[in-house]
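The structure under discussion appears below in the form of structure tokens.
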Amino acid sequence: LGITNPPKPPRPQAPQPAPWVKLNKSEVAARFAADSPRVRAFPRTTPDPSEYKVYVQGPVEVRVADAAKWSQKEIDVLQARIEQVFDSLPSEVMGVDVRGRPYVIWIGDWGRKSYGFTGRGLDHVWLNSKLMRRALTESGDIYNQGEFKMPSLAASDQLTYTLTHELGHTMDLPYDDTGWFTGKLDSSPYAPGRIRKDNVVKRLLEKVLAGDFGDSAALSEYGRSKAAESYAEAFAEWCLGDRSNPVVAEYAEVFRWTS
């Protein structure tokens, strides 16, 4: 009798991301009402919840201003990029689960020239709808920033890079009173733990500029401009680019960015 091999089991399929859910008007109003005073003050405007489309996927919320006039196709691309960005994030920063906590991503015009902005340890990110729109269809460094940003920008796109950079700021968490990191969000920029953390980042940037980790140009020009930006630029490169970069590797070790 011939011997027949049992059929091979099917390959496991990668888990599919949960669908994005569009919230109704009452749900949107409730979300806006729950924003902290710091979040409400940050963009220097008073957003009207009736003028936003809001989508939720797990702990991630996206608020797209009607004034941005993004089509549903553009919003679909945005959502796919957000999923890719969150797949690239560390699972933990100094022992804090940074993937499971809530985030709110705003798309609109905030009267600023920057690509995006947020606050250190904050859980909201604001993106410039006009500057981000080109990145929906064009890849790479479309604004020709060169060494002003990290190499991973050229290998990805402006939206992906900007969002990852700004999320780096949100994961720049403060110390608590014992000197360790805390997962607390929305802390005061003048709290003792926040000041101590900022001093640690500042001293690390000073070492980078002194050449302690090789050529200081391993960090972008923007990252070398101030301590907070050094953290976010190194974070973006760790998520999207070269983790063997000596400056990026040092930041990852000091602040325990864990895959």
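Note on Val77: it clusters hydrophobically with Trp70, by side-chain heavy-atom contacts below 4.5 Å among ILVMFWY residues. Phe148 and Leu163 are not part of a single hydrophobic cluster, where members link through side-chain heavy atoms under 4.5 Å apart.
Between Leu209 and Arg224 the shortest side-chain heavy-atom distance falls below 4.5 Å. Within the 4.5 Å cutoff, side-chain heavy atoms of Gln79 are placed close to those of Tyr55. Glu250 is listed as a side-chain neighbour of Leu204, based on a closest heavy-atom distance under 4.5 Å. For the pair Leu219/Met150, a side-chain contact is recorded, criterion being any heavy-atom separation below 4.5 Å from C-beta on. Between Val62 and Val64, the closest side-chain pair of non-hydrogen atoms falls below 4.5 Å. Put simply, the side chain of Leu240 reaches to within 4.5 Å of the side chain of Ser88, judged on heavy atoms. Side-chain contact between Tyr115 and Met132 is present, with heavy atoms from C-beta onward closer than 4.5 Å. Two residues are said to be in side-chain contact when any heavy atoms from C-beta on lie closer than 4.5 Å; Leu131 and Gln158 fail this criterion.
Arg243 and Ser259 are linked by a side-chain donor-acceptor pair at a separation below 3.5 angstrom, with hydrogens and angles left out of the test. For the residue pair Arg81/Ser156, the side-chain donor-acceptor check at 3.5 Å is not satisfied. No hydrogens or angles considered: a donor-acceptor pair under 3.5 Å links the side chains of Ser152 and Glu237. Glu83 and Gln57 share a side-chain donor-acceptor pair at under 3.5 Å. For the residue pair Ser225 and Glu229, no side-chain donor N or O sits within less than 3.5 Å of a side-chain acceptor on the partner.
A salt bridge links Glu74 to Arg133: one of the charged nitrogens lies within less than 4.0 Å of a carboxylate oxygen. The existence of a salt bridge linking Asp35 and Arg63 is confirmed by a sub-4.0 Å separation between a basic side-chain nitrogen and an acidic carboxylate oxygen. Taking the charged nitrogens against the carboxylate oxygens, Arg31 and Glu61 do have a contact shorter than 4.0 Å, which makes a salt bridge. The pair Asp109-Lys130 meets the salt-bridge criterion, since a charged nitrogen lies less than 4.0 angstrom from a carboxylate oxygen. Using a 4.0 Å cut-off between a side-chain N of Lys or Arg and a carboxylate O of Asp or Glu, Asp198 and Arg203 do not qualify as a salt bridge.
For Thr162 against Gly116, the heavy-atom pair with the smallest separation is CG2-N, 4.0 Å. For the pair Ala228 and His169, the tightest heavy-atom approach, listed with the atom from each and the gap, is O-CE1, 3.3 Å. Thr258 and Trp238 make their closest contact through C-CH2, 4.3 Å (heavy atoms, listed as atom of the first residue, atom of the second, distance). Residues Leu205 and Ser230 approach most closely at CD1-CB, 3.9 Å, considering heavy atoms. Nearest heavy-atom pair across Leu173 and Thr170 is CD2-O, 3.6 Å. A pairwise comparison of heavy atoms in Ala218 and Asn245 identifies O-ND2, 2.9 Å as the closest pair.
Put simply, CE on Met171 and CZ on Arg99 are 8.5 Å apart, with the number rounded to the nearest 0.5 Å. Interatomic distance, CD1 of Ile82 versus CD1 of Ile105, reported as 4.0 Å (0.5 Å rounding). Annotation: the span from Glu138 atom CD to Ile142 atom CD1 amounts to 5.0 Å, rounded to 0.5 Å. From Thr164, atom OG1 reaches atom CG of Leu89 across 6.5 Å, with rounding to the nearest 0.5 Å. Residue Cys239 holds its SG atom at 13.5 Å from CD of Gln84, rounded to the nearest 0.5 Å. Here Asn199 contributes atom CG and Arg194 contributes atom CZ; the two are 10.5 Å apart, rounded to the nearest 0.5 Å.
Seen from the ring of Phe117, Arg112 counts as a face-on cation partner, given the 6.0 Å and 45° thresholds. Relative to the six-membered ring of Phe255, Lys197 meets both conditions, a distance below 6.0 Å and an angle of at most 45° to the axis.
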Side chain to side chain contact (heavy atoms under 4.5 Å, CB included) between Ser91 and Val98, intermediate numbers included: CA-CA 6 Å; Ser91 58; Val98 291; over 6 Å; no
May I have the step-by-step check of ring pair (Phe, Tyr, Trp, His ring centres under 6.0 Å) for Phe235 and Trp257, ending in yes or no? CA-CA 9 Å; Phe235 183 87; Trp257 301 337; 5.3 Å; yes
Would Tyr161 and Glu166 count as a side chain to side chain donor-acceptor pair (under 3.5 Å) if you check the C-alpha gap in whole Å, the side-chain angles of each, and the deciding distance to 0.1 Å? CA-CA 9 Å; Tyr161 185 90; Glu166 298 304 334; over 6 Å; no
Take Val125 and Tyr103 through the side chain to side chain contact (heavy atoms under 4.5 Å, CB included) test and state the conclusion after the steps. CA-CA 8 Å; Val125 170; Tyr103 294 90; 5.9 Å; no
Apply side chain to side chain contact (heavy atoms under 4.5 Å, CB included) to the pair Asp123 and Val104, showing each step before the final yes or no. CA-CA 6 Å; Asp123 54 352; Val104 179; 5.9 Å; no
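Note on ring orientation: taking the six-membered ring where Trp is involved, the planes of Phe42 and Trp126 are parallel (angle under 30°, cut-offs 30° and 60°).
Remark: side-chain polar atoms of Trp110 are paired, donor with acceptor, to backbone N or O of Leu127 under 3.5 angstrom. The backbone N or O of His124 lies less than 3.5 Å from a partner atom in the side chain of Thr118, making a donor-acceptor pair.
Legend: residues meeting ring pair (Phe, Tyr, Trp, His ring centres under 6.0 Å) with Phe32, ordered by chain and number and at least two apart, are Tyr52, Trp106.
Around atom CD of Glu147, no more than 12 heavy atoms belonging to other residues, nucleotides or ligands sit under 6.0 Å away.
In summary, the aromatic rings of Tyr222 and His165 are positioned with their centroids under 6.0 Å apart.
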